[in-house]
Amino acid sequence: VPGYGDSPPVEMVATAQGRRTFLGHILQELGMQRPVLVSPSMSGRFALPFLLVHGDRLAGFVPIAPVGTKDYTAEQYRAVQTPTLILYGDRDTGLAPQALQNLQHLPGHRVAVLPGAGHACYLDKPEDFHQALLGFLCQLK
């Protein structure tokens, strides 16, 4: 994620609008039309602003205990029509409950909890993660 970890600071991603635009440019450059956006942890700072404004450009959304969910209102979430799989590990007692509390306002959501998995549930329980993800993808149009 630009501007995080060891990556250099990037002026464009200093605001939610900039991060939304940045992600839009990436999807455009990759030629992706209606992708499913998988958003673990810090990538929520990019995915959530994009989802709330351009959710119609996504076939689906898979937040995995993303950061930034508290920055938006229940009404903003309720306006999103993108099918969503809220996915997290049951051992993620920090970020996951907060994300779930906010994301549950998305009208087209379902929840998958991976037993015995922590914050990086896709690393802790990769088979369970892939099974949940594939099940969601198969239900999309």
Side-chain angles (χ1 to χ4, degrees), residues 1-10 12-141:
V1 177
Y4 294 97
D6 293 331
S7 66
V10 179
M12 180 182 194
V13 299
T15 65
Q17 180 179 355
R19 291 187 294 271
R20 178 178 67 236
T21 301
F22 178 81
L23 182 54
H25 286 316
I26 288 179
L27 296 179
Q28 184 177 4
E29 287 297 313
L30 293 173
M32 301 183 91
Q33 296 180 7
R34 300 205 71 237
V36 173
L37 185 57
V38 179
S39 177
S41 198
M42 290 302 287
S43 67
R45 292 264 185 237
F46 290 78
L48 292 169
F50 188 86
L51 173 74
L52 293 174
V53 174
H54 300 298
D56 59 330
R57 291 176 53 187
L58 300 173
F61 180 55
V62 183
I64 307 166
V67 301
T69 61
K70 67 183 183 314
D71 296 342
Y72 305 98
T73 66
E75 291 75 29
Q76 287 175 291
Y77 287 119
R78 286 189 194 108
V80 174
Q81 297 303 310
T82 309
T84 300
L85 173 64
I86 301 168
L87 211 153
Y88 64 95
D90 69 352
R91 291 189 179 168
D92 183 356
T93 57
L95 198 52
Q98 179 187 85
L100 177 62
Q101 180 180 3
N102 294 304
L103 294 172
Q104 68 185 350
H105 297 291
L106 291 165
H109 83 273
R110 42 186 277 218
V111 178
V113 182
L114 303 186
H119 183 62
C121 61
Y122 42 88
L123 295 177
D124 294 342
K125 298 287 184 173
E127 289 182 23
D128 294 343
F129 170 78
H130 287 111
Q131 185 176 9
L133 181 59
L134 288 172
F136 174 69
L137 295 176
C138 287
Q139 291 187 340
L140 296 177
K141 296 176 185 173

inquiry  = Between Val111 and Tyr88, does the side chain to side chain contact (heavy atoms under 4.5 Å, CB included) criterion hold? Intermediate values first, please.
reply    = CA-CA 8 Å; Val111 178; Tyr88 64 95; 3.8 Å; yes

query = Can any side-chain N or O of Arg34 pair as donor or acceptor with the backbone N or O of Leu58 at less than 3.5 Å?
reply = yes

inquiry  = Show the nearest heavy-atom pair for residues Asp124 and Gly118, with the distance to one decimal.
reply    = OD2-N, 2.6 Å

task = Please test Gln81 against Asp56 for side chain to side chain contact (heavy atoms under 4.5 Å, CB included), starting from the C-alpha separation and ending with a verdict.
result = CA-CA 7 Å; Gln81 297 303 310; Asp56 59 330; over 6 Å; no

ask   = If you look at every heavy atom in Gly44 and Pro66, which pair is closest and at what distance?
value = CA-CB, 3.7 Å

inquiry  = Return the CZ to CG distance between Arg57 and Leu37, rounded to the nearest 0.5 Å.
reply    = 11.0 Å

remark   = Gly135 and Arg110 have their tightest heavy-atom pair at O-NH1, 4.1 Å

request  = Determine, step by step, whether Ile64 and Cys121 satisfy the side chain to side chain contact (heavy atoms under 4.5 Å, CB included) criterion, reporting the C-alpha distance in whole Å, the side-chain angles of both residues, the deciding distance to 0.1 Å, and the verdict.
outcome  = CA-CA 8 Å; Ile64 307 166; Cys121 61; 3.5 Å; yes

inquiry  = Using side-chain heavy atoms (C-beta onward) and a distance below 4.5 Å, is Val53 in contact with Gln17?
reply    = no

message = Main chain of Thr69, side chain of Tyr77: is a donor-acceptor contact present, judged purely on distance under 3.5 Å?
response = yes

key: His130 to Pro126 - nearest heavy-atom pair and separation   = ND1-O, 2.7 Å

ask   = If you measure from CD on Glu127 to CG on Leu114, what distance do you get to the nearest 0.5 Å?
value = 12.0 Å

key: Check: Phe61 and Val80 side chains under 4.5 Å, non-hydrogen atoms   = no

query = Does any non-hydrogen side-chain atom of Ser39 lie less than 4.5 Å from one of Phe46?
reply = no

task = Compare every heavy atom of Val36 with every heavy atom of Ala59, then report the nearest pair and how far apart it is.
result = CB-CG2, 4.2 Å

message = Would you compute the distance between atom CZ of Arg20 and atom CG of Leu52 and round it to the nearest 0.5 angstrom?
response = 9.0 Å

inquiry  = I'd like to know if the side chain of Thr84 and the backbone of Thr82 have a donor-acceptor N/O pair within less than 3.5 Å.
reply    = yes

key: Close side-chain approach of Leu103 and Leu48, heavy atoms under 4.5 Å   = yes

note = Tightest non-hydrogen contact, residues Lys70 and Gln98, listed as CD-NE2, 3.9 Å

request  = Report the C-alpha distance between Tyr122 and Leu133 in whole Å, list the side-chain angles of each, state the deciding distance to 0.1 Å, and finish with yes or no for side chain to side chain contact (heavy atoms under 4.5 Å, CB included).
outcome  = CA-CA 10 Å; Tyr122 42 88; Leu133 181 59; over 6 Å; no

message = Please report the interatomic distance CG(Leu87) to CG(Leu100), rounded to the nearest 0.5 Å.
response = 11.0 Å

